[in-house]
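Inspection log for the structure reproduced underneath, given as structure tokens.
Below, read A as the first sequence line, B as the second, and so on, with proteins coming before strands; counting in each chain starts at 1.
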There are 2 protein chains.
Amino acid sequence: MTILPRRSRLTGASSSDRGLPNATVARLPLYLRALTQLRSQGSQTCSSDQLAESTGVSSANVRKDLSHLGSHGTRGVGYDVDHLRAEIAQAIGQTQDWNVVLVGAGNLGTALAAYPGFTSRGSRIVAVVDADPARVGEQVGDLAIESIDHLETIITERAVSIAIVATPGQAAQTVADQLVGAGVTSILNLAPVALRVPEGVDVRQVDVAAELQILAYHEQRKGHPREEAEVSR
Amino acid sequence: MTILPRRSRLTGASSSDRGLPNATVARLPLYLRALTQLRSQGSQTCSSDQLAESTGVSSANVRKDLSHLGSHGTRGVGYDVDHLRAEIAQAIGQTQDWNVVLVGAGNLGTALAAYPGFTSRGSRIVAVVDADPARVGEQVGDLAIESIDHLETIITERAVSIAIVATPGQAAQTVADQLVGAGVTSILNLAPVALRVPEGVDVRQVDVAAELQILAYHEQRKGHPREEAEVSR
DNA sequence: ATATGTGAACCACTTCACAGCA
DNA sequence: TGCTGTGAAGTGGTTCACATAT
């Protein structure tokens, strides 16, 4: 009756498991960003306080996170920027680029295809695919839009394992099914629907409109003077 | 030495506090989405299992979340779609639109300006602002780009309290300072930097490149024949 | 029979506080 | 002295399981 059995597997980091806590994994990219910045400023070493400052994470949390990677700091000194960077890059698999296929060449899709921040952070969009035959061949950044019918070939030949879904909501589930069928095992979903995928496929959801709604909730509670003009004093 | 004293305010929902748990707030938009969909399919009522199915949240969690809004279901039957929708809309302040200013008319900014999903979900972009004088006047969707120098006027005159920052990383903090100075109290930050804002200002961060890095981590782990982990949130 | 609402148990994560080490 | 690394305590959130209501 309930949604899913949801295998109660060993989630945490059990002894022989090299896995990191999910919350830690989600923050490693932030540390990487901060370290890259620090390095470009010439810093050789940094403290957990500095990392805290530039990521918004508490310093105790920074230390705990980094300790999961092993001990790489020097007491009384801090962390070696280059070494830590390499360590984190290694942990999250950024020693090489990941090939990504982008599905959906609408406004959002084309904006992402042009975004330079992916390449510098470990992901390379190697194909832009759209369902509309009229769009096929059109240039987006330095890629030509390809037909969604070629998904399987694209995915296998270009060693793609991660996909970005930037289609309208009603197309997203179908696209996801095709992607999974073609061998994709990680999906970043920008469409405002929950995707149903088989066990073993990871989905991360980004929904900008929902984020605004969350902000609106807090805004409402602040009693923001939005209607002050109408309220008599 | 550590980062901040971080006033230990009553975070949870204390008795006289109408506040909801953060995790619940973050899911209300999902329920709203699902209910809108269900209603358009003609459903009069729905169960927590149906909501679970269409949001990816467990049914127990759905019930717990909804119970925070008060008891609005009927045992043995489920929830009245329209009534629940109204209840949630009320709770997250979607009974009317929130005016939003978008800063940064680059690829991502213009894509968001054209996105129809905001209006239908409680947010209306009422201004697009850019720092580049050459872009001012240019049409984006049905808005003309305005100068960032007019931020304060725009924000006060159009009753804006929420902003989207879609600028390059190095400009984001300056823009955030300007926004806060002009009276904005909620920021959705799409730039890949942590924003420093005063107490009372809410920031939500969306970083697509970081999401891909998180997926890459799990992807890397799948490479080895070990039991795979499930990604959350 | 069916589905909600909820205390209690459980779990993941964060923070605290200090021991350990350069 | 200064900063890391980490057990222990604390917090918030999820899941369980069942009493409760229709």
Between [atom2] of [N] and [atom1] of [X], the distance in whole Å:
X	N	atom1	atom2	answer
B:His68	C:dT6	NE2	P	10 Å
B:Leu66	C:dT6	CG	C1'	14 Å
B:Leu20	D:dG13	CG	P	11 Å
A:Asp49	D:dT4	CG	P	7 Å
A:Gln50	D:dG2	CD	P	15 Å
B:Leu69	C:dG5	CG	P	10 Å
B:Arg63	D:dA17	CZ	C1'	10 Å
A:Asn22	D:dG12	CG	C1'	16 Å

Please enumerate all residues that pass side-chain hydrogen bond (donor to acceptor under 3.5 Å, both in side chains) together with [X], with sequence neighbours excluded.
X	result
B:Arg75	none
A:Glu87	A:His72, A:His83
A:Gln178	none
A:Ser48	A:Arg63

Within less than 4.0 Å of OP1 or OP2 of [N], is there a side-chain N or O belonging to [X]?
X	N	answer
A:Ser58	C:dT14	no
B:Arg27	D:dT14	yes
A:Ser47	D:dC3	no
A:Ser48	D:dT4	yes

Q: Using only heavy-atom distances, determine whether the side chains of A:Tyr115 and B:Asn107 contain a donor-acceptor pair under 3.5 Å.
A: no

Q) For A:Leu179, which of A:Val101, A:Ile164, A:Ile162, A:Val197 qualifies under side-chain contact (heavy atoms from CB on, under 4.5 Å)? A) A:Val101

**Q.** Members of residues 75-94 of chain B that approach DNA chain C, where some heavy atom sits under 4.0 Å away
**A.** B:Arg75, B:Gly76, B:Val77, B:Gly78, B:Tyr79

Q) Between C:dC13, D:dG13, D:dG5, which one does the side chain of A:Ser71 approach most closely? A) D:dG5

Q. Hey, which of these two, A:Asn61 or B:Lys64, hits DNA chain C nearer its 5' end, going by closest nucleotide?
A. B:Lys64

Q) Can you name the salt bridge (Lys or Arg N to Asp or Glu O under 4.0 Å) partners of B:Arg85, sequence neighbours left out? A) none

